[in-house]
Amino acid sequence: MAKKTMIVFSGDLDKAFASFIIANGAAAMGDEVTMFFTFWGINILRKAKKQQVKKDIMAKMFGAMMPRGTEKLGLSKMNFGGMGAAMMKHIMKKKNVNTLNELIESAKELGVKMVVCTMSMDVMGIQEKELIDGLEFAGVASYLAEADESNVNLFI
Amino acid sequence: MAEIKINARGLQCPGPIMALFKTVKEAQSGDVVIVEATEQGFKKDCPAWCKKTGNELLSIEEVEGIITAQVKKA
């Protein structure tokens, strides 16, 4: 049984899909998988519903300007103000690709560890309560310790 | 020694591999899992999965777009 680690830095829909398909695939091959979410990647894990949390003005601005959760992510290219993302989701549904939410759930079921970078959370003013369940919170050293033991490390 | 059939037709990658993984996990050693998939990547994915997980690929063939693989649990 090997280990796989990936840093999910991007908050784009297409890149989020790639990360979770790879994570699910690796787990389905018996690997131990850890995903480390940092910067824009954290937006993938935001709960869709706005949570009541106390924030300062900068954090409020950040939170409002960034996509809140999987349904709001844009494509990395040809997003056309959101139309690209909508078309992509439409085609994927037609081709029977699991939705991003389904991929996240199955990743959790398969034991994929999802760790969130506390430093980025702090910088962007995102609090634990605003993120989905089933996550761990850590810093760069924890990530690097896991990456040390993995045979494939990806930066997405 | 049981034979377990999985219908993974219509499932997109990584669906068939995930279904195979879950079924083999719950099977007994020596059982044969028969997977039917329509997703083209499975032709290469299945042998790769078997090699990596140490299970035996007994056969894999494609008939009219349906890929049928037989995997024996180690």
Side-chain angles (χ1 to χ4, degrees), chain A residues 1-6 8 13-35 44 70 75 85 87-114 134 149-154 156, chain B residues 4-60 62-74:
Chain A
M1 185 189 70
K3 239 173 132 145
K4 301 285 182 286
T5 48
M6 51 179 99
V8 184
L13 179 68
D14 42 352
K15 295 191 185 183
F17 260 105
S19 330
F20 278 97
I21 292 185
I22 295 173
N24 273 287
M29 290 179 92
D31 278 349
E32 202 185 302
V33 185
T34 300
M35 299 172 84
I44 303 170
T70 55
L75 284 189
M87 286 197 281
M88 178 65 84
K89 283 188 265 195
H90 176 77
I91 295 182
M92 284 180 151
K93 188 166 173 203
K94 259 177 86 172
K95 304 259 176 190
N96 224 14
V97 180
N98 289 20
T99 64
L100 190 49
N101 284 343
E102 284 167 355
L103 287 170
I104 295 176
E105 276 317 302
S106 76
K108 280 190 203 169
E109 271 171 43
L110 287 173
V112 170
K113 225 160 77 165
M114 289 162 52
E149 295 169 6
S150 86
N151 61 356
V152 172
N153 180 52
L154 303 173
I156 302 176
Chain B
I4 308 161
K5 268 191 142 149
I6 317 174
N7 180 0
R9 292 192 227 174
L11 292 187
Q12 264 288 5
C13 169
I17 287 292
M18 279 166 59
L20 179 59
F21 174 71
K22 287 184 187 154
T23 309
V24 169
K25 195 163 160 211
E26 277 153 33
Q28 305 287 330
S29 176
D31 285 351
V32 175
V33 178
I34 305 172
V35 191
E36 284 184 348
T38 47
E39 184 253 315
Q40 284 300 306
F42 192 63
K43 270 192 289 202
K44 291 256 177 79
D45 276 5
C46 190
W49 185 91
C50 291
K51 187 171 170 199
K52 185 165 160 77
T53 56
N55 293 298
E56 194 185 339
L57 179 68
L58 297 176
S59 70
I60 182 161
E62 183 177 0
V63 175
E64 287 179 11
I66 301 177
I67 303 158
T68 307
Q70 297 202 30
V71 176
K72 186 169 170 187
K73 179 163 179 171

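Each chain gets a letter, A, B and so on, in the order its sequence line appears, and its residues count up from 1. Everything numeric here is computed off the predicted structure, so don't read it as measured data. Reckoned from all heavy atoms, side chains included, excluding hydrogens, waters and symmetry mates.
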Open item on the list: How long is the straight-line distance from CG of A/Asn98 back to CG of B/Leu11, given to the nearest 0.5 Å?
Closed with: 8.0 Å
- [ ] Please flag which part of A/Ile22 lies under 4.5 Å from any non-hydrogen atom of chain B: side chain, backbone, both or neither.
- [x] neither
Task: Taking every non-hydrogen atom, the tightest pair across A/Met29 and B/Thr53 - done: O-CG2, 3.5 Å
- [ ] Select one option (side chain, backbone, both, neither) describing which atoms of A/Glu109 are under 4.5 Å from chain B's heavy atoms.
- [x] side chain
Task: Atom NZ of B/Lys73: over 12 foreign heavy atoms under 6.0 Å - done: yes
- [ ] Select one option (side chain, backbone, both, neither) describing which atoms of B/Lys25 are under 4.5 Å from chain A's heavy atoms.
- [x] neither
Task: Shortest non-hydrogen separation from A/Ile21 to B/Pro14 and the atoms involved - done: CG2-CD, 3.9 Å
Open item on the list: Using 0.5 Å steps for rounding, measure from the NZ atom of B/Lys52 to the CG atom of A/Asp31.
Closed with: 3.5 Å
